[in-house]
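Working notes, beginning with the structure itself.
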Protein chains: 2
Amino acid sequence: MSKSPTPEEGASEGLRRRPTINDIARLAGVSKKTVSRVINASPFVRDDTRERIQAVIAELGFAPDPQARGLAYGRAFLIGLVYDNPNPQYVVNMQLGLLDGMRNSGFELVVHPCDRSSPTFLDDLRAFIERQRLYGVVLTPSVSEDERAAKLMADIGCAYVRVASVTLDTPDHMIETRDRLGGREAAAHLAELGHTKIAFLSGPPTFRSSHERRSGFEEALNERGLSLAKAYVAEGAYTYESGVECGRALLEMADRPTAIFAGNDEMAAGVLQAARQLGVRVPEDVSVVGFDDFQIASRLWPTLTTVRTPTREIGRLAVERLMGREDDSRDPKSRLPSLVVRESTAPPAKR
Amino acid sequence: MSKSPTPEEGASEGLRRRPTINDIARLAGVSKKTVSRVINASPFVRDDTRERIQAVIAELGFAPDPQARGLAYGRAFLIGLVYDNPNPQYVVNMQLGLLDGMRNSGFELVVHPCDRSSPTFLDDLRAFIERQRLYGVVLTPSVSEDERAAKLMADIGCAYVRVASVTLDTPDHMIETRDRLGGREAAAHLAELGHTKIAFLSGPPTFRSSHERRSGFEEALNERGLSLAKAYVAEGAYTYESGVECGRALLEMADRPTAIFAGNDEMAAGVLQAARQLGVRVPEDVSVVGFDDFQIASRLWPTLTTVRTPTREIGRLAVERLMGREDDSRDPKSRLPSLVVRESTAPPAKR
DNA sequence: CTGAAAGCGCTTACAG
DNA sequence: CTGAAAGCGCTTACAG
């Protein structure tokens with residue numbers, strides 16, 4: 001019953017071998033197969049046997065060796081993050097979310113940045129998974145939207161969850177970020193402020209989120225009797241530079257908009273820069289709304305009103321779904337986009 | 001000699017078992033121990049034997065299973081990144097550098113964000129390493145400066161490399177970032193522009209880099225007959241907010257400096273914000289230099305002159321040292337800090 | 001509900 | 001320079 005080391009154990013202090021399944025079996029007076037059943041939460045163990053084994057496990061601080069388990073199981077206790085989003089904050093938040101969900105699970109996180117346009121994209125991805133026989137992977141936008149990648153996972157029998165703004169797969173393979181709702185929030189905010197001449201700066205058409213953010217935005221404008229004029233829609237590339245360029249084009253129009261909703265914060269930062277160069281005041285002359293709520297949003301001047309995306313929370317959900325350990329006790333609202341109002345939006349100037 | 005599947009192999013296409021060391025041994029007509037020697041680059045194999053085995057390995061596309069190797073070897077083929085730098089760009093760049101160095105090595109990267117001030121910091125770190133029996137870890141600032149962490153690595157026999165701005169350990173455990181040289185570059189630039197009333201905005205004293213950046217800066221000023229007045233030294237916290245606050249204090253002085261060197265880009269961004277609030281023009285009234293060259297430096301207005309730190313390159317070096325596979329063929333300058341001149345610096349106004 | 005046997009794919013001693 | 005044996009710490013069939 002004591003946890004203090006016996007003389008024998010104490011002999012080679014420090015280098016004490018860590019306990020194995022055999023130690024547990026011997027001390028609990030069962031076979032190692034039964035210990036294995038307890039480790040793997042098999043229902044075919046009598047309650048008192050299970051309790052006895054669990055007590056020994058706790059006393060020795062036993063944790064099964066993931067390498068040995070993995071070798072026998074044919075699959076490593078590793079989960080991969082596959083990403084191509086160039087924004088570091090997105091990547092780090094996503095990693096933190098995955099780690100949140102994997103805590104005390106015995107799994108570890110390995111990362112795989114990739115490039116969909118590379119000729120070796122699929123081969124690299126396959127090698128990444130097969131090399132260590134990953135248990136499963138989480139795919140994030142835009143690589144999550146790539147059907148070739150999803151098909152590869154299915155072909156090689158690797159578990160996967162895709163994080164995306166729309167439903168692209170069966171529920172067990174999907175976490176939706178509901179970007180459409182974020183677009184709606186932006187529209188509601190600008191409409192409430194009294195704007196009517198409203199522009200949209202889109203991301204590239206190859207990203208599903210570009211479409212989702214726009215259609216949510218347009219939909220909610222329409223519901224309020226407003227509309228998005230063709231001339232007020234510009235297509236950017238989710239980059240700062242494209243934000244500057246498109247922002248300038250919109251702000252140089254003879255009948256310029258009084259509000260611009262940019263598809264992400266990077267482009268919104270570009271619009272602020274364009275406004276500064278043109279001598280257009282924000283928010284007095286034009287209101288600007290972004291999407292993401294990355295750190296830059298609160299570093300800009302004026303600080304940026306934007307739609308916050310709960311990336312970390314989404315990451316946790318994705319990995320929980322992958323491991324089949326979903327926790328339904330949390331507030332479902334925490335996984336939805338939400339508006340953060342700062343200084344870059346105000347009612348339109350009186351004419 | 002053909003790589004096309006024989007009828008027998010082709011039977012269960014797609015699910016074809018991947019080749020093992022036994023397959024290689026059988027086809028090469030040697031024992032699996034000898035194949036193992038080739039895999040592990042043992043010198044005790046006759047050249048013709050080695051070549052024969054390597055040919056078979058290449059033909060079958062064999063790669064040894066890291067789990068099985070790890071189990072027998074007592075150590076996983078995984079390398080951990082332990083970090084507590086809150087800047088996402090630093091983290092992502094460091095990860096990319098580690099992955100650069102690990103390419104084709106058979107190792108995979110696992111990540112461990114941590115918090116030195118947590119009461120469970122050391123226990124968490126130990127669990128992270130022992131759970132999967134990591135091969136080794138790379139520690140980055142500021143956790144790399146923590147002697148408790150280094151001692152833990154030594155105690156549990158885990159290989160490690162510390163990335164830090166100064167020499168804290170033996171060469172096999174260190175990659176130095178030479179921040180002092182970066183400070184010197186900033187000083188040389190401001191001196192050449194003709195500044196004499198020069199201020200320094202320091203990071204927190206608990207970070208070695210704060211001291212290194214300052215002393216390099218001061219040293220190079222002194223060499224040019226300039227000095228850093230006590231009144232012109234402020235202590236920040238490497239955060240944007242501290243940059244705003246200290247920037248304001250410096251810019252509100254009766255005899256305000258004509259140039260400010262901030263210890264990192266975050267604080268430099270804060271100084272620009274303070275200048276804007278006070279109506280002080282940059283660079284006309286005051287020049288500002290940062291440190292890091294993160295993305296924000298080129299998004300600010302004016303764009304920021306700063307010292308670029310080659311984080312990705314440093315990461316590659318660190319992991320190569322850890323694996324004992326250093327490549328000395330690269331330009332040694334690529335690992336040193338270097339000045340990037342942009343819009344935020346100019347000669348001081350004529351009086 | 002429990003266990004003895006065989007095996008996962010490698011490496012470490014130990015021989016020769 | 002090469003190999004047969006034993007073992008790393010688990011799990012998967014297969015019995016009972």
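Sequence lines set the chain letters: A, B, ... in the order given, protein chains first and strands last, and positions in each chain run from 1.
With sequence neighbours left out, A:Asp47 forms a salt bridge (charged side-chain N to carboxylate O under 4.0 Å, His left out) with no residue at all. A:Phe128 pairs by the ring-ring contact (aromatic ring centres under 6.0 Å, His included) definition with A:His112, not counting sequence neighbours. For B:Arg325, there are no salt bridge (charged side-chain N to carboxylate O under 4.0 Å, His left out) partners at least two apart in sequence or on another chain.
Applying the side chain to side chain donor-acceptor pair (under 3.5 Å) test to pairs two or more places apart or on separate chains, those with a residue in residues 70-84 of chain B are B:Asp84-B:Ser142. Among residue pairs with one or both ends in residues 26-37 of chain A, those qualifying as salt bridge (Lys or Arg N to Asp or Glu O under 4.0 Å) are A:Asp23-A:Arg26; sequence neighbours excluded. Among residue pairs with one or both ends in residues 139-154 of chain A, those qualifying as salt bridge (Lys or Arg N to Asp or Glu O under 4.0 Å) are A:Arg116-A:Asp146, A:Asp146-A:Arg148, A:Glu147-A:Arg162, A:Lys151-A:Asp155; sequence neighbours excluded. Counting only residues at least two apart or on different chains, the salt bridge (Lys or Arg N to Asp or Glu O under 4.0 Å) pairs with a member in residues 60-73 of chain B are A:Arg133-B:Asp65.
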How would DNA chain D look in dot-bracket form, 5' to 3', counting Watson-Crick and G-U wobble pairs with both distances under 3.5 Å and writing | for bases paired to another strand? |||.||||||||.|||
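Contacts between residues 25-34 of chain B and DNA chain C, counted as heavy-atom distances below 4.0 Å, involve B:Lys32, B:Lys33. Residues from residues 35-50 of chain B lying near DNA chain C, meaning a heavy-atom separation below 4.0 Å, are B:Ser36, B:Asn40 in numerical order.
Looking at heavy-atom distances under 4.0 Å, A:Phe62 makes contact with sugar-phosphate atoms alone, never a base.
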Please tabulate, for side-chain N and O atoms in residues 96-110 of chain B, each donor-acceptor pair with protein atoms closer than 3.5 Å (sequence neighbours left out).
from     : atom 1 : to       : atom 2 : distance (Å)
B:Asp100 : OD1    : B:Arg312 : NH2    : 3.1
B:Asp100 : OD2    : B:Arg312 : NE     : 2.7
B:Asp100 : OD2    : B:Arg312 : NH2    : 3.4
B:Ser105 : OG     : B:Met102 : O      : 2.5
B:Ser105 : OG     : B:Phe107 : N      : 3.1
B:Glu108 : OE1    : A:Arg131 : NE     : 3.3
B:Glu108 : OE1    : A:Arg131 : NH2    : 3.1
B:Glu108 : OE2    : A:Arg131 : NH2    : 3.4

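The closest side-chain heavy-atom distance from A:Phe121 to A:Val143 is below 4.5 Å. Side-chain atoms of A:Leu27 and A:Glu59, non-hydrogen and from C-beta on, never get closer than 4.5 Å to each other. The side-chain heavy atoms of B:Thr140 and B:Thr311, taken from C-beta on, include no pair separated by under 4.5 Å.
Residues A:Ser42 and A:Asn40 bring no donor and acceptor atom of their side chains to less than 3.5 Å of each other.
Contacts between chain A and DNA chain D, taken as any atom within less than 4.0 angstrom of a protein heavy atom, begin and end at D:dG9 to D:dT12.
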